[in-house]
Amino acid sequence: MLLYWDPEKNMVRKPKFDELADAAYTLLQLIPIGYVISYGELAKILGVNPRIVGRLMAINENPIVIPCHRVVYSSGELGGYSRGGAYVKKKLLVLEGVLSRDSERVSREKILSAKELYDP
DNA sequence: CATCGAACCAACC
DNA sequence: GGTTGGTTCGATG
């Protein structure tokens, strides 16, 4: 669980939503091209529910610098993509060599675990 | 493999 | 307060 220091109250506190978003986006930049991560694994690092990670991706204003298309279902299926739809997400992943043109699912070896991405 | 239901929680109304 | 999401996981057929 990600925690922040509150100097006013002199105690730790849970992250605010936008701080969570910042943390998530930073983690995304660590994903090498050719790999992806699942909503659940990201959620594990951030200490939130996978659904929340979905929301964090959805409010991303900067798909250019924030590669939120590299976040997929734990099953390997692609999941959603609000900027342009699932079609664009697939296109990007094919471009990065994660997915073959005729497939709808990323192979398991390309999905990084929480530990592989971030070792606290 | 397909469907189901529960758990999750910020945002929006 | 109730609904809605870029989910997940286990159970069941």
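Here is the naming used below: chain letters follow the sequence lines, and residue numbers restart at 1 for every chain.
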Within a 6.0 Å radius of atom [atom1] on [X], are there more than 12 heavy atoms belonging to other residues, nucleotides or ligands?
| X | atom1 | result |
| --- | --- | --- |
| K91(A) | NZ | no |
| E8(A) | CD | no |
| Y35(A) | OH | no |

Measure the distance from [atom1] on [X] to [atom2] on [N] and round it to the nearest whole Å.
| X | N | atom1 | atom2 | value |
| --- | --- | --- | --- | --- |
| R55(A) | dC9(B) | CZ | C1' | 8 Å |
| I52(A) | dA10(B) | CD1 | P | 6 Å |
| Y39(A) | dA7(B) | OH | C1' | 19 Å |
| K14(A) | dA10(B) | NZ | P | 7 Å |
| F17(A) | dC8(B) | CZ | P | 17 Å |
| L20(A) | dC8(B) | CG | P | 17 Å |
| Y73(A) | dT3(B) | OH | P | 14 Å |
| L46(A) | dC8(B) | CG | C1' | 14 Å |

### Message
Strictly by Watson-Crick or wobble contacts shorter than 3.5 Å, is anything paired with dG5(B), and which nucleotide is it?
### Response
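Its partner is dC9(C).
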Once you apply a heavy-atom cut-off of 4.0 Å, does [X] come out as touching a base, just sugar-phosphate, or nothing?
| X | value |
| --- | --- |
| S74(A) | sugar-phosphate |
| G40(A) | sugar-phosphate |
| S75(A) | nothing |

### Query
Where each residue is assigned the nucleotide of DNA chain B containing its nearest heavy atom, which of R105(A) and G47(A) is assigned the position nearer the 5′ end?
R105(A)
Ignoring hydrogens and angles, tell me if any N or O in the side chain of [X] forms a donor-acceptor pair with the backbone of [Y] under 3.5 Å.
| X | Y | value |
| --- | --- | --- |
| Y25(A) | L56(A) | yes |
| N60(A) | N62(A) | yes |
| S103(A) | L99(A) | no |
| K90(A) | E104(A) | no |

### Message
Using the P atom as the point on both nucleotides, what is the distance between dG6(C) and dA7(B), in whole Å?
### Response
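Taking atom P in both dA7(B) and dG6(C), they lie 22 Å apart.
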#### Entry: Interface limits on DNA chain C, where chain A has a heavy atom under 4.0 Å of a nucleotide atom
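Here the contact window of chain A covers dT4(C) to dC9(C).
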